[in-house]
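Scroll down for the structure; my scribbles are underneath it.
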Amino acid sequence: MISLNCETYQTTLESLETILRTPKSSILKILLDSEIEAEFEKVYLNYENFDRFLSQYIESTLGKKDYTIDEIFWFHFARTLDPEQFRKGIYPLGIIKDQLFNDLYKLIQNEITYETWKAFIENGISGRNKTIFKMRLEDSRLHGCNAFLIQEVGMLEFNHPYLKTPEIVEDICIGLEEDYGIDLTSIYYENSVSTIVQFKTPLIHEAEYYIGVALNYIYHKINNMELTLNCNTCFDAYGKTVPSSSIIKISQIQD
């Protein structure tokens with residue numbers, strides 16, 4: 001079974017060594033070639049992005065084709081009240097929302113009645129995130145789960161800080177504080193754990209697509225370049241469950 005595991009720089013390089021059937025030292029030598037960017041500038045209009053160029057560049061340099069990847073490892077970032085829940089799988093928002101709302105209420109049950117909480121949720125909360133909260137609940141395409149191919153890029157918090165507060169929880173926290181002065185953000189943070197769930201899927205796109213992303217990540221690292229979202233690709237389950245059989249590892253991250 002040939003896997004692409006981009007948990008670290010080292011695992012990414014080891015995966016590429018297996019996939020490309022080429023020693024790590026040779027891969028690094030190619031990626032350290034000072035002419036790569038100059039070559040890309042000449043032909044960039046022929047490629048969607050630098051990932052695709054790198055994939056083609058290393059293929060032509062090595063003179064090899066028909067690369068095989070059987071499974072992709074992904075990294076789902078979350079902050080949860082119960083990390084062990086992920087051993088059952090990663091469920092989309094549409095399935096877990098009622099349990100989530102109940103768990104959140106338990107954190108503040110001494111500060112607000114259940115009837116008030118229920119009305120607050122059922123009315124679509126309030127505050128500046130009211131519209132997006134409604135959209136997250138109603139559009140199953142936004143129910144996740146989502147995950148990063150490159151774990152290090154996911155840690156950089158370019159977008160939402162997933163290890164601090166889930167987006168749907170943040171929406172609720174904002175509305176609750178505006179309406180009732182309850183700081184659920186701090187309460188949730190104190191009672192929850194930053195968690196990274198590693199899981200696997202079969203190949204979704206062609207192997208060259210993922211090879212290009214992994215090469216771009218390595219290229220940035222060895223050339224001391226700042227990592228960006230362009231050094232990554234993401235997984236979206238579009239409202240479907242990631243089954244327990246796909247879960248590889250659950251890691252709790254210390255604050």
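Only this structure's heavy atoms are used, side chains among them; waters, hydrogens and symmetry mates stay out. Since we're looking at a predicted model, the values are computed, not measured.
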Would a hydrophobic clustering, with Ile, Leu, Val, Met, Phe, Trp and Tyr connected at side-chain separations under 4.5 Å, put [X] with [Y]?
X      : Y      : result
Val193 : Ile96  : no
Tyr210 : Leu62  : yes
Val169 : Tyr189 : no
Ile248 : Met155 : no
Tyr238 : Tyr91  : no

Is there a donor-acceptor contact under 3.5 Å linking the side chains of [X] and [Y]?
X      : Y      : value
Thr116 : Tyr180 : no
Gln85  : Thr80  : yes
Asn146 : Tyr162 : no

Nearest 0.5 Å please: distance from the [atom1] atom of [X] over to the [atom2] atom of [Y].
X      : Y      : atom1 : atom2 : value
Phe133 : Ile172 : CZ    : CD1   : 4.5 Å
Met135 : Asp171 : CE    : CG    : 9.0 Å
Asp179 : Ile174 : CG    : CD1   : 12.0 Å
Leu156 : Leu227 : CG    : CG    : 6.0 Å
Thr195 : Ile253 : OG1   : CD1   : 7.5 Å
Ser246 : Ile90  : OG    : CD1   : 9.0 Å

Taking every non-hydrogen atom, the tightest pair across [X] and [Y]:
X      : Y      : result
Pro92  : Thr241 : CD-OG1, 3.4 Å
Leu16  : Ala214 : CD2-CB, 3.9 Å
Gly175 : Phe120 : C-CZ, 3.6 Å
Thr12  : Cys6   : OG1-CA, 3.1 Å
Glu71  : Ser3   : OE2-OG, 2.6 Å
Val153 : Cys231 : CG2-O, 3.9 Å

Would you mind reporting whether [Y] and [X] have side-chain heavy atoms less than 4.5 Å apart?
X      : Y      : result
Glu177 : Asp183 : yes
Thr11  : Phe73  : no
Tyr188 : Pro166 : yes
Tyr105 : Ile121 : no
Thr185 : Leu176 : no
Ile72  : Ile204 : no
Trp117 : Asn102 : no
Tyr57  : Ile30  : yes

(request) Using the test side chain to side chain donor-acceptor pair (under 3.5 Å), find all partners of Asn223 that sit at least two apart in sequence or belong to another chain. (result) none
(message) Just to verify, what does Glu167 make a salt bridge (Lys or Arg N to Asp or Glu O under 4.0 Å) with, not counting sequence neighbours?
(response) Arg136
(request) Would you please name every residue forming a salt bridge (Lys or Arg N to Asp or Glu O under 4.0 Å) with Glu37, sequence neighbours left out? (result) none
Listed once per pair and sorted, the salt bridge (Lys or Arg N to Asp or Glu O under 4.0 Å) pairs that draw on [range], sequence neighbours left out:
range            : answer
residues 217-235 : Glu152-Lys221
residues 1-12    : Glu7-Lys249
residues 137-150 : Lys134-Glu138, Asp139-Arg141
residues 78-98   : Arg79-Asp255, Glu84-Arg87

(message) Using modelled atom types and a 3.5 Å cut-off, is there a donor and acceptor pairing between side-chain atoms of Asp70 and backbone atoms of Ile2?
(response)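 Yes.
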Please enumerate all residues that pass side-chain contact (heavy atoms from CB on, under 4.5 Å) together with [X], with sequence neighbours excluded.
X      : answer
Asp51  : Asn49, Val213, Asn216
Ser55  : Glu208, Ile211
Asn230 : Thr228

Using distance only, find each side-chain donor-acceptor pair of residues 196-203 under 3.5 Å and give its atom names and separation, not counting sequence neighbours.
| unit_1 | atom_1 | unit_2 | atom_2 | d |
| --- | --- | --- | --- | --- |
| Gln198 | NE2 | Asn5 | OD1 | 3.3 |
| Thr201 | OG1 | Trp74 | NE1 | 2.9 |

(request) Step by step, work out the side chain to side chain contact (heavy atoms under 4.5 Å, CB included) result for Tyr9 and Tyr217. (result) CA-CA 8 Å; Tyr9 167 84; Tyr217 167 60; 3.9 Å; yes
(request) Check the pair Leu13, Glu17 against side chain to side chain contact (heavy atoms under 4.5 Å, CB included), reporting the backbone distance first and the verdict last. (result) CA-CA 6 Å; Leu13 194 55; Glu17 181 177 51; over 6 Å; no
(message) Students often mix this up, so state it plainly: with edges at 30° and 60°, are the rings of Phe148 and Phe77 parallel, tilted or perpendicular?
(response) perpendicular
(message) In terms of relative ring orientation, are Tyr219 and Phe50 parallel, tilted or perpendicular, with 30° and 60° separating the classes?
(response) perpendicular
Could you pull out all donor-acceptor pairs under 3.5 Å where a side-chain atom in residues 22-29 meets a protein atom, sequence neighbours excluded?
| unit_1 | atom_1 | unit_2 | atom_2 | d |
| --- | --- | --- | --- | --- |
| Thr22 | OG1 | Leu20 | O | 2.9 |
| Thr22 | OG1 | Lys64 | NZ | 3.2 |

